[in-house]
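By convention in this document, chain letters (A, B, ...) are assigned in the order of the sequence lines, proteins followed by strands, and residues within each chain are numbered from 1.
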There are 2 protein chains.
Amino acid sequence: MLESWSEGPAKAQIVDFVRSVTNEDGPKYVAPEARIAVFDNDGTLWCEKPMYVQLDFLLRRFKEQAEADPSLRERQPYQAAYSGDLTWLGDAVAKHYDGDDTDLEPLVAAILTAYEDVGVEDHATLIAEFFESALHPTLDRPYTACGYVPMVELLRYLEANDFTTYIVSGGGRDFMRPVTAALYGIPPERVVGSSVGLTYRDGHLYTTSTPEFLDDGPVKPARLWSRIGRRPIFAAGNSNGDIEMLQFTANGAGPSLQMLVLHDDAEREFDYVLGAERALDLARTNGWTVVSITDDWTTVFPS
Amino acid sequence: MLESWSEGPAKAQIVDFVRSVTNEDGPKYVAPEARIAVFDNDGTLWCEKPMYVQLDFLLRRFKEQAEADPSLRERQPYQAAYSGDLTWLGDAVAKHYDGDDTDLEPLVAAILTAYEDVGVEDHATLIAEFFESALHPTLDRPYTACGYVPMVELLRYLEANDFTTYIVSGGGRDFMRPVTAALYGIPPERVVGSSVGLTYRDGHLYTTSTPEFLDDGPVKPARLWSRIGRRPIFAAGNSNGDIEMLQFTANGAGPSLQMLVLHDDAEREFDYVLGAERALDLARTNGWTVVSITDDWTTVFPS
């Protein structure tokens, strides 16, 4: 197992941790039912650059909406989606990282209303159809082949050691669920994410435009507790939005492991630390395991 | 299996249903991962009379709070809890069934603030301690022996047939979780219930007084979807608050079974239909399985 991991400190720390918590005679033994492992998704289990996969999915929806309603073509983000010129979107994100979220407001409003009043099962079907054909814009592969092979191996390694694995992501809960089984072997009931409210009508559930949870930062530990009712002993992330989930995992009474994926491989994936600066500082201070894609992974994506 | 079920239409309907959805060669076959079964808790898995178990737990908390703060003794519901005279509480509930919720307001406010700012793990410890000694007021047994034996057998029967079982209750999610494994063999991650918000601080999570979800009526299907991401094929309840969960289960594309527990056994448990009238009407109209405690269960509680 862990065939795509180079021999090195990251792999050694993971293997040592798993051996110690599964050794019934050792001081760090953890009962199987308490072996909870949580994984961020974007940038931790699959590629999040040049944009979140969900954003690509939503831009296609905005374009459809603008095709159906010409008045939308004059407004952002529909204008960008319709024209295919994403400059406005890039600028909005850059302004966000400078602390200015004004351009994010119309984007968030468009995201919240994109699937308003669509049945939850119909919504899932649309997402499954997207993944049947959608390609990553630069990596020359389908999105369904953009999961990190070493991380999927890590999921299987933990499960083989009686861990229960969960995704705890800032991405949309109902966006991830139709594809996580195929990508990662994780079923919908083990996917925690951001959500809009649902409404019940005549025997069916429909998506609303009411924001419910943005599963990021301090919301991540609260949402994973609400879903699991246990404090994890293993947590993996890659950005500042994962800090509180990692700290919550670190502050349990027993042994735990925290891990960050460092994107330092421009050749095979991407090279960036934007949005991960504080998390990487805390990793140094707190002894969290930092996984370098360049040094620690012999393979990144499935062939 | 189902040893405490009398031979009769209810048991036959359950067994026929399970046989049909597990028969790989039959027209009603359902893949194991889609065999989701959801159970209400109060009045479906354990006794809910003369009052909800959680209300007993909370009244003890209100009494503690009134002992610590004499000013509370002049206010309801603390006055009732402190004095032990529960007339006010009975009247408040009776008024509720007459459509007047004015007296429920101070009760709800007291419930919401009862464990404000208590750490989630400390809260769980207090609940576990309550169940170590608390006795049912009239049945002469601990609350941990107030689960229905035939329903626990039904959970095991479904699980033996590759169903995944969940509790979906109007009761408090964090109240049920510390005891559901011992009572029903259901771990915390398979318990869905009402909740207050949680807040993260310095590596830990704390209970707040902010209402989050009242998991009853049309909220039940929305909450179970948020947790499971699949439409159940088996649902069991006992009251009007379960109607939408049963209807959501009934409206799936494939086969399903809906079941109501009818409390008609004054000698061994309680005899009441208050709060279940509409559900029982719908059971007749829709062919839901009605389980009579008198006729269908040879044993009610563990000996």
Side-chain angles (χ1 to χ4, degrees), chain A residues 32-34 36 119-121 123-124 164 166 173-174 176-178 180-181 186-193 195-208 212-213 217-231 243-253 256 286, chain B residues 32-34 36 119-121 123-124 164 166 173-174 176-178 180-181 186-193 195-208 212-213 217-231 243-253 256 286:
Chain A
E33 62 269 22
I36 303 296
V120 291
E121 282 129 333
H123 187 195
T164 306
Y166 289 85
R173 177 194 71 202
D174 291 343
M176 294 182 282
R177 281 175 164 174
T180 53
I186 294 188
E189 57 269 28
R190 301 215 310 267
V191 176
V192 183
S195 56
V196 293
L198 303 175
T199 190
Y200 174 86
R201 193 169 70 238
D202 298 334
H204 297 283
L205 286 171
Y206 299 87
T207 302
T208 73
E212 195 173 72
F213 297 109
V219 179
K220 281 199 174 193
R223 295 323 298 155
L224 77 86
W225 181 272
S226 87
R227 291 285 300 281
I228 308 171
R230 304 180 192 265
R231 196 188 282 250
I243 288 173
E244 287 85 355
M245 177 167 79
L246 272 67
Q247 289 175 328
F248 182 62
T249 303
N251 277 277
S256 64
N286 294 299
Chain B
E33 63 268 22
I36 303 296
V120 291
E121 282 129 334
H123 188 196
T164 306
Y166 289 85
R173 176 194 72 202
D174 291 344
M176 294 182 281
R177 281 175 164 174
T180 53
I186 294 188
E189 57 270 28
R190 301 214 310 267
V191 176
V192 183
S195 56
V196 293
L198 303 176
T199 190
Y200 175 86
R201 193 168 69 238
D202 298 334
H204 298 282
L205 286 171
Y206 298 88
T207 302
T208 73
E212 196 173 70
F213 297 109
V219 179
K220 281 199 173 192
R223 295 324 298 156
L224 77 87
W225 181 272
S226 87
R227 291 285 299 282
I228 308 171
R230 303 180 192 266
R231 197 189 281 250
I243 288 172
E244 287 85 354
M245 177 167 79
L246 273 66
Q247 289 175 328
F248 183 62
T249 303
N251 276 277
S256 64
N286 294 298

(request) Could you tell me which of B:Glu121, B:Arg177, B:Gln247 has the largest number of non-hydrogen atom pairs under 4.5 Å with chain A? (result)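 Top count of heavy-atom pairs under 4.5 Å with chain A: B:Arg177.
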What part of [X] is in contact with chain B, defined as an atom under 4.5 angstrom from a non-hydrogen atom: side chain, backbone, both or neither?
X        : result
A:Arg227 : both
A:Phe213 : side chain
A:Thr249 : neither
A:Glu33  : neither

Name the option with the most non-hydrogen atom pairs under 4.5 Å to chain B; the candidates are [options].
options                      : value
A:Arg190, A:Arg230, A:Lys220 : A:Arg230
A:Ser195, A:Gly217, A:Gly229 : A:Gly229
A:Gly193, A:Ala124, A:Gly203 : A:Gly203
A:Thr199, A:Leu198, A:Val120 : A:Val120

(message) Could you work out, with side-chain contact (heavy atoms from CB on, under 4.5 Å) as the rule, every residue matching A:Val219, not counting sequence neighbours?
(response)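 Expected list: A:Asp215, A:Arg223.
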(message) Looking at every heavy atom in both B:Ser226 and A:Arg173, which two are closest together, and how far apart are they?
(response)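 Residues B:Ser226 and A:Arg173, closest heavy atoms: CB-NH1, 3.1 Å.
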(message) In the structure I gave you, are the side-chain heavy atoms of B:His204 and A:Arg231 within less than 4.5 Å of one another anywhere?
(response)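 A side-chain contact exists here, since the closest heavy-atom pair is under 4.5 Å.
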(request) Could you check if a side-chain atom of B:Met245 sits within less than 4.5 angstrom of a side-chain atom of A:Tyr200, using non-hydrogen atoms only? (result) no
